[in-house]
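One structure is given here, and the rest of the page talks about it.
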Amino acid sequence: MSNPSLDPTQIANFLRDHPEFLADHPELLSSQKLSHQTGGKTVSLIERQIDLLREKNRALEFKLAGLVRNAQENEAIASKLQSFTRNLLLASNNEAVPSVVEQSLRNLFSVPQIALRLWDVDEAYQKLDCAAPVQVEIITLANSMTHVYCGPNSDFQAASWLVDGGTAARSLALIPLRVGATPDAFGLLVLGSADPSRFTMEMGTTFLDRLGELSSAALARLTPHSIAKAVK
């Protein structure tokens with residue numbers, strides 16, 4: 001170690017390959033002074049190691065706090081989804097399902113603006129508000145959607161179903177309703193908000209996809225040829 005030709009890499013490799021060297025020479029840990037990254041003061045090698053461990057612990061604590069926060073948010077979402085499902089199952093009759101869907105979304109998930117249209121309903125339910133006529137362009141759009149749309153209200157025709165014709169809605173979520181893997185949709189659920197950041201193109205749609213699946217399963221009772229139609 002006294003060879004002046006040794007470079008820093010060789011010294012580092014020696015200490016890495018011979019960890020017992022510092023254990024055999026504990027005085028080096030306290031006698032060697034290092035410049036601290038902040039404040040310009042010098043600290044011993046062992047003090048610097050402690051500082052590094054503290055920094056690592058702070059990073060781990062920050063990461064753990066994030067994981068705990070995500071877990072709490074996921075638990076809250078799961079609880080709301082369970083309540084949403086319970087409300088659908090407890091609907092008194094098929095005619096009540098559309099209003100249960102809308103009220104549950106409003107109360108459980110604080111969605112300020114909601115509109116629902118179904119264009120393939122059984123004759124017995126064609127007088128419901130949700131069975132109002134729908135433009136062909138909207139049906140074509142819903143049939144083409146494979147995922148929920150989240151983003152700005154770019155003059156979507158379906159936004160006109162919202163309160164005030166959708167003029168107050170700055171962001172939208174458009175959720176196509178279909179049974180399983182059926183290619184054609186039988187309805188469209190529109191969620192609107194005056195907050196432009198409520199529904200954005202960058203947000204994940206897994207949660208809204210689940211809401212769409214649950215809503216579709218319940219609202220399918222109102223469609224022809226539905227097995228659920230028999231349960232009135």
Side-chain angles (χ1 to χ4, degrees), residues 84 87-196 198-199 201 205 208-232:
F84 184 75
N87 291 347
L88 295 177
L89 291 173
L90 292 175
S92 57
N93 52 58
N94 291 348
E95 289 88 344
V97 174
S99 62
V100 170
V101 169
E102 295 186 28
Q103 291 173 12
S104 296
L105 288 172
R106 186 173 292 108
N107 297 334
L108 291 172
F109 304 103
S110 301
V111 179
Q113 301 181 37
I114 303 168
L116 171 66
R117 290 291 188 277
L118 307 176
W119 48 82
D120 184 15
V121 298
D122 187 87
E123 184 177 356
Y125 311 116
Q126 290 182 359
K127 292 184 179 181
L128 295 175
D129 292 340
C130 64
V134 176
Q135 298 95 323
V136 174
E137 293 80 4
I138 296 179
I139 296 176
T140 301
L141 171 65
N143 288 338
S144 68
M145 295 175 64
T146 56
H147 298 286
V148 172
Y149 166 82
C150 288
N153 180 8
S154 304
D155 296 326
F156 286 100
Q157 287 181 295
S160 64
W161 302 341
L162 298 170
V163 177
D164 297 330
T167 56
R170 300 286 303 281
S171 62
L172 296 175
L174 305 179
I175 306 176
L177 303 174
R178 53 171 53 90
V179 179
T182 303
D184 292 337
F186 68 86
L188 185 67
L189 185 59
V190 182
L191 312 182
S193 174
D195 181 359
R198 177 67 187 271
F199 303 109
M201 300 185 73
T205 62
L208 292 174
D209 286 333
R210 296 294 176 269
L211 280 178
E213 292 170 1
L214 292 170
S215 299
S216 295
L219 291 165
R221 305 177 192 176
L222 281 65
T223 63
H225 317 299
S226 171
I227 296 176
K229 170 189 169 186
V231 184
K232 298 182 180 180

Where [X] and [Y] come nearest, the two heavy atoms and their spacing:
{"X": "R221", "Y": "L89", "answer": "NH2-CA, 4.4 Å"}
{"X": "P112", "Y": "S110", "answer": "CD-O, 3.3 Å"}
{"X": "L172", "Y": "A159", "answer": "CD1-CB, 3.9 Å"}
{"X": "G192", "Y": "V111", "answer": "O-CG1, 4.3 Å"}
{"X": "N153", "Y": "A169", "answer": "ND2-O, 3.1 Å"}
{"X": "V134", "Y": "R117", "answer": "CG2-CB, 3.8 Å"}

Check: [Y] and [X] side chains under 4.5 Å, non-hydrogen atoms:
{"X": "F84", "Y": "S215", "value": "yes"}
{"X": "L118", "Y": "Y125", "value": "no"}
{"X": "L208", "Y": "C150", "value": "yes"}
{"X": "L188", "Y": "W161", "value": "yes"}
{"X": "M145", "Y": "L141", "value": "yes"}
{"X": "P152", "Y": "M201", "value": "yes"}

For the pair [X] (side chain) and [Y] (backbone), establish whether a donor and an acceptor sit closer than 3.5 Å, ignoring hydrogens and angles.
{"X": "R198", "Y": "R170", "answer": "no"}
{"X": "S216", "Y": "R178", "answer": "yes"}
{"X": "W119", "Y": "A185", "answer": "yes"}
{"X": "T223", "Y": "D120", "answer": "no"}

Is the CG atom of D209 crowded by more than 12 outside heavy atoms at less than 6.0 Å?
-> yes
Take I138 and F156 through the test side-chain contact (heavy atoms from CB on, under 4.5 Å) and record every step on the way to the result.
-> CA-CA 9 Å; I138 296 179; F156 286 100; over 6 Å; no
Please report the C-alpha distance between N107 and N87 in whole Å, then the side-chain angles of each, then the deciding distance to 0.1 Å, and finally whether the side-chain contact (heavy atoms from CB on, under 4.5 Å) criterion is met.
-> CA-CA 11 Å; N107 297 334; N87 291 347; over 6 Å; no
L88 vs S104, side-chain contact (heavy atoms from CB on, under 4.5 Å): CA-CA, chis, key distance, verdict = CA-CA 9 Å; L88 295 177; S104 296; 5.6 Å; no
Just verifying a value: how many Å separate [X] [atom1] and [Y] [atom2], rounded to the nearest 0.5 Å?
{"X": "C130", "Y": "L189", "atom1": "SG", "atom2": "CG", "value": "11.0 Å"}
{"X": "E213", "Y": "I175", "atom1": "CD", "atom2": "CD1", "value": "10.5 Å"}
{"X": "L128", "Y": "L222", "atom1": "CG", "atom2": "CG", "value": "6.0 Å"}

Applying side-chain contact (heavy atoms from CB on, under 4.5 Å), run through L116 and L177 and close with a yes or a no.
-> CA-CA 10 Å; L116 171 66; L177 303 174; 3.6 Å; yes
